[in-house]
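Let me begin by presenting the structure, written as structure tokens, before commenting on it.
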Amino acid sequence: MLLKLIGLIVPLGLDTFAVAAALGIAGLRRQDRLRVSLLLTEFEVGMPLVGFFGGRLVGDVAGNAADYLAILVLIAVGVYMLWPKNEANQDKRLGLLGRTHGLAAIGLGISISMDELAIGFTIGLLGFPILLVVILIGAQTFVVTQLGLRLGARVGERVREGAERLAGVALTVLGVVLAVEKLLSR
């Protein structure tokens with residue numbers, strides 16, 4: 001179970017690093033770094049909780065099919081992260097995140113943390129311990145965000161995009177490994 005947890009949480013860290021690095025590339029002001037780090041951490045922790053409880057509900061209804069549903073969601077999130085995105089729209093949203101406050105920041109925070117919602121859903125379906133998961137996600141998010149914000153201007157766009165792709169590959173591979181494991185255990 002620990003390896004599966006690591007396999008779920010590390011890709012989220014890579015994705016968070018990519019977002020934070022983009023903010024660093026966009027020139028986020030020094031005084032906004034802590035605020036943005038805390039905002040991202042809140043959403044990276046909050047969205048998996050929402051997904052977790054939704055996944056638990058669906059898992060109770062789906063019964064034995066819940067594991068397969070979790071695997072499909074995980075693979076879908078991984079493939080989505082690999083899918084080419086409109087860079088101009090993504091850069092615009094990230095630039096806004098660095099400058100906005102209040103409800104606008106909440107809306108932007110939700111828009112960039114939808115993959116965490118799906119991961120939370122998967123965690124709920126698989127029945128992982130939510131407290132441990134939330135603590136691990138929160139800690140890695142804050143650290144990785146600070147690192148990404150500070151290194152963003154230095155690492156450049158290619159490293160940021162590579163981190164996003166690596167996260168997508170990792171989640172997709174984890175989903176395939178879980179599917180093979182599930183099929184072999186039958």
Side-chain angles (χ1 to χ4, degrees), residues 1-25 37 40-41 43-52 54-55 59 66-87 90 93-94 109-130 132-152 155-185:
M1 182 176 77
L2 182 61
L3 289 176
K4 291 175 187 174
L5 279 174
I6 291 169
L8 286 170
I9 293 170
V10 168
L12 293 178
L14 293 170
D15 189 43
T16 302
F17 176 81
V19 168
L23 287 167
I25 291 168
S37 293
L40 285 177
T41 301
F43 281 100
E44 299 281 315
V45 168
M47 293 301 268
L49 282 171
V50 172
F52 173 80
D67 288 347
Y68 295 106
L69 183 58
I71 290 166
L72 286 174
V73 169
L74 190 60
I75 292 171
V77 170
V79 169
Y80 172 76
M81 291 172 84
L82 291 169
W83 203 267
K85 295 171 185 65
N86 183 335
E87 293 298 322
Q90 190 172 1
R93 277 192 331 191
L94 291 173
I110 290 171
S111 75
I112 63 170
S113 61
M114 293 309 289
D115 50 343
E116 282 76 16
L117 179 69
I119 293 299
F121 185 77
T122 301
I123 290 167
L125 286 171
L126 294 174
F128 288 154
I130 190 62
L132 174 63
V133 172
V134 167
I135 290 169
L136 292 173
I137 289 174
Q140 71 86 27
T141 298
F142 188 79
V143 170
V144 171
T145 300
Q146 285 291 308
L147 187 65
L149 288 172
R150 286 171 175 26
L151 296 177
V155 298
E157 189 69 22
R158 289 185 62 200
V159 172
R160 181 186 74 81
E161 289 175 5
E164 260 182 38
R165 285 193 187 94
L166 184 58
V169 168
L171 288 176
T172 304
V173 167
L174 178 61
V176 170
V177 167
L178 289 173
V180 168
E181 181 182 280
K182 186 72 176 166
L183 291 173
L184 292 176
S185 69

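- The two residues Val77 and Ala118 make their nearest non-hydrogen contact at CG2-CB, 3.2 Å.
- The two residues Ala170 and Pro11 have their closest heavy-atom pair at CB-CG, 3.6 Å.
- To the nearest 0.5 Å, atoms CD1 (Ile9) and CG (Leu136) are separated by 4.5 Å.
- Looking at heavy atoms from C-beta onward, Leu40 lies out of side-chain contact with Phe142 at the 4.5 angstrom threshold.
- Note: Ile71 CD1 to Leu183 CG = 7.5 Å, rounded to the nearest 0.5 Å.
- Considering only heavy atoms from C-beta on, Val45 stays 4.5 Å or farther from Thr141 through its side chain.
- For CG of Leu3, the number of neighbouring non-hydrogen atoms (other residues, nucleotides, ligands) closer than 6.0 Å is 12 at most.
- The minimum heavy-atom distance linking Leu12 with Glu44 is given by the pair O-OE1, 4.5 Å.
- At least one side-chain heavy atom of Glu181 sits less than 4.5 Å from a side-chain heavy atom of Leu178.
- Here the shortest heavy-atom pairing between Ala20 and Leu149 reads O-CD2, 3.5 Å.
- Taking CD1 of Ile135 as the start and CD of Gln140 as the end, the distance is 13.5 Å to the nearest 0.5 Å.
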| request: Would you sort out whether Thr122 and Phe128 count as a side-chain contact (heavy atoms from CB on, under 4.5 Å), showing the intermediate values? | output: CA-CA 9 Å; Thr122 301; Phe128 288 154; over 6 Å; no
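- When all heavy atoms of Thr145 and Ser37 are compared, the pair lying nearest together is CG2-OG, 3.4 Å.
- Side-chain contact check for Glu116 versus Ile137: every heavy-atom pair is 4.5 Å or farther apart.
- Taking CZ of Phe52 as the start and CD1 of Ile123 as the end, the distance is 8.5 Å to the nearest 0.5 Å.
- Between Phe43 and Pro48 the shortest heavy-atom distance is O-CD, 3.9 Å.
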